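For reference, positions follow the sequence shown, starting with 1. These numbers come from a predicted model, not from an experiment. All values below were derived from every heavy atom in this structure, side-chain atoms included, with hydrogens, water molecules and symmetry-related copies excluded.
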Amino acid sequence: MKNKVKAGIMGVCIGDALGVPVEFKNREYLKQFPVTEMQEFGSHNQPKGTWSDDSSLTLCLAEELTKGYNLEKIGQSFIKWVKYGHWTAHGRLFDIGGTTREAIARLIKGESARFSGNIFEEDNGNGSLMRILPLAFYLKDEENIEKIYQTVKEISTITHGHFRSVFACFIYVIFSIQLIKGKSKSQAYQYMQDVALEYAEKQWFSLSELELFQRVLKNDISKYSEDEIRGSGYVLHSLEASLWCLLNSESYSEAVLKAVNLGEDTDTTGAITGGLAGIYYGFGNIPQKWVEELVRKEDIETLCEKLENKYTVNS
């Protein structure tokens, strides 16, 4: 299946744009007024098809990866986003998480991207998970799990350096790579569980931290009820929700609408789920109407082609 890069990146942006108008709405509200299409205005008073920081930082990472892997340059592109509106939908930033803001402020002061991220337990929002997907295309042929983990750690730690955020990104990237390789959802999930648990055991990671990932790694997250899945901005909730929505869907639109209608951090849950659903279901499965309504669609498509050419994804 060609266009996996385009399907994944566009999947992020469209999931994000579906969620922007209802960010902060609770599940009860969305049960009454569910999102079924692109909407305009709403929470951030933005035109239809507008995406937020989730997509902006995903696109910054994707753009830098078209030139190769350079951690400091990726950090610099995040600065360009904050200061100059680089890779924003309308030339200016309207949404940024607190942890991300603090980390980029350090970058602006001259800190290395290697040490700019927040490292405390309270700094485990979903701000690195939401932008990590392009790394899966860069790492898809990497056989060394240690190399994958360390690379994911570097990219997450630009803003989010705590183990919990890093490990959530690692799980997501391992799962994404298997989807890129054409594995079924259940095969990809089983593989990710096996690899992540085996790696964690070898590394002597904190057992209390690993315990937090039990629903994803030891159990089957897809078997939980919707009432047990949260759409908040906490990284573990976002990881669980994205896997749950994908594993319990039969199409791109079903997956992302499930994600957005969980409520709370709707744009980010939509973006994180949308990346997985785009890769798995394919670009052709994304409703054409949503693609057409997406702001800066041509710019995103051009970037996707560059990334695809750099790390050719064979079916």
Side-chain angles (χ1 to χ4, degrees), residues 3-25 30 34-40 42-44 46 48-59 61-62 87 89 95 97 126-134 136 169 172 175-176 179 185 229-233 235 237-297 300-301 303-304:
N3 290 335
K4 282 189 181 166
V5 172
K6 184 166 147 182
I9 305 283
M10 282 288 218
V12 169
C13 299
I14 289 168
D16 180 5
L18 283 162
V20 163
V22 292
E23 191 179 8
F24 316 122
K25 297 289 186 196
L30 290 165
V35 173
T36 57
E37 294 292 346
M38 288 278 185
Q39 298 178 6
E40 53 195 347
S43 302
H44 294 282
Q46 296 293 319
K48 188 183 286 189
T50 298
W51 29 273
S52 70
D53 53 340
D54 312 69
S55 301
S56 292
L57 290 172
T58 299
L59 296 167
L61 175 58
W87 277 118
D95 193 17
N126 50 23
S128 62
L129 182 61
M130 71 188 195
R131 59 172 167 80
I132 205 80
L133 185 77
C169 289
Y172 184 84
F175 184 71
S176 301
L179 297 182
K185 290 184 283 190
I229 301 296
R230 286 283 306 277
S232 84
V235 70
H237 289 162
S238 299
L239 177 67
E240 290 180 351
S242 63
L243 293 169
W244 183 86
C245 291
L246 181 78
L247 295 168
N248 286 302
S249 70
E250 296 303 325
S251 67
Y252 174 84
S253 56
E254 186 186 359
V256 291
L257 292 175
K258 259 192 205 324
V260 168
N261 288 310
L262 289 172
E264 298 182 85
D265 198 2
T266 50
D267 55 335
T268 306
T269 314
I272 296 167
T273 304
L276 299 176
I279 292 167
Y280 183 72
Y281 293 112
F283 184 71
N285 192 251
I286 300 176
Q288 186 59 32
K289 185 167 184 278
W290 294 352
V291 175
E292 292 302 326
E293 288 169 335
L294 192 68
V295 171
R296 293 188 66 183
K297 172 178 77 80
I300 298 167
E301 284 179 335
L303 174 57
C304 290

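Expressed to the nearest 0.5 Å, how far CH2 of Trp87 lies from CH2 of Trp51 amounts to 6.5 Å. In this structure, Asp54 CG and Met130 CE are separated by 4.5 Å, a value rounded to the nearest 0.5 Å. Once rounded to the nearest 0.5 Å, the distance linking CD1 of Ile14 with CD1 of Ile300 reads 8.0 Å. Between the SG atom in Cys13 and the CZ atom in Arg296 there is a gap of 10.0 Å [rounded to 0.5 Å]. From Met10, atom CE reaches atom CZ of Phe283 across 5.0 Å, with rounding to the nearest 0.5 Å. The structure places CG of Leu59 at 7.5 Å from SG of Cys304, a figure rounded to the nearest 0.5 Å.
The main-chain N or O of Cys245 is never found under 3.5 Å from a side-chain atom of Thr273 such that the two would form a donor-acceptor pair. When atom types are taken as modelled, the side chain of Glu292 and the backbone of Gln288 share no donor-acceptor pair closer than 3.5 angstrom. Side-chain N or O atoms of Lys48 include none that pairs as donor or acceptor with a backbone N or O of Leu294 at under 3.5 Å. The backbone N or O of Gln46 lies less than 3.5 Å from no partner atom in the side chain of Thr50, so there is not a single donor-acceptor pair. A distance-only check finds a donor-acceptor pair linking the side chain of Ser43 to the backbone of Glu23 [under 3.5 Å]. Thr269 places no side-chain N or O within donor-acceptor distance of the main-chain N or O of Ser238, the cut-off being under 3.5 Å.
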Ile9 and Leu303: side-chain contact (heavy atoms from CB on, under 4.5 Å), yes or no, with the steps?
CA-CA 9 Å; Ile9 305 283; Leu303 174 57; 5.7 Å; no

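Among all heavy-atom pairs drawn from Leu276 and Ser176, the shortest one is CD2-OG, 3.3 Å. In this structure, Glu37 and Val35 approach most closely via the heavy-atom pair O-CG1, 3.5 Å. Nearest heavy-atom pair, Gln39 versus Val22, reported as atom, atom and distance to 0.1 Å: OE1-CG1, 3.9 Å. Of all heavy-atom pairs spanning Ser232 and Asn126, the tightest one is O-ND2, 3.9 Å.
Ala277 meets the side-chain contact (heavy atoms from CB on, under 4.5 Å) test with Leu246, Tyr252, Ala255, Tyr281; sequence neighbours excluded. Judged as a side-chain contact (heavy atoms from CB on, under 4.5 Å), and not counting sequence neighbours, the contacts of Asn248 are Ser222, Trp244, Lys258.
Applying the side chain to side chain contact (heavy atoms under 4.5 Å, CB included) test between Val256 and each of Asp16, Asn261, Ile272, Leu18 identifies Leu18 as the sole match.
Within the structure, every pair that satisfies the salt bridge (charged side-chain N to carboxylate O under 4.0 Å, His left out) test and touches residues 260-286, not counting sequence neighbours, is listed here: Arg230-Glu264.
Counting heavy atoms from C-beta outward, Ile132 and Thr58 have side chains that stay 4.5 Å or more apart. Residues Ile279 and Leu133 have side chains in contact (heavy-atom distance under 4.5 Å, counting atoms from C-beta outward).
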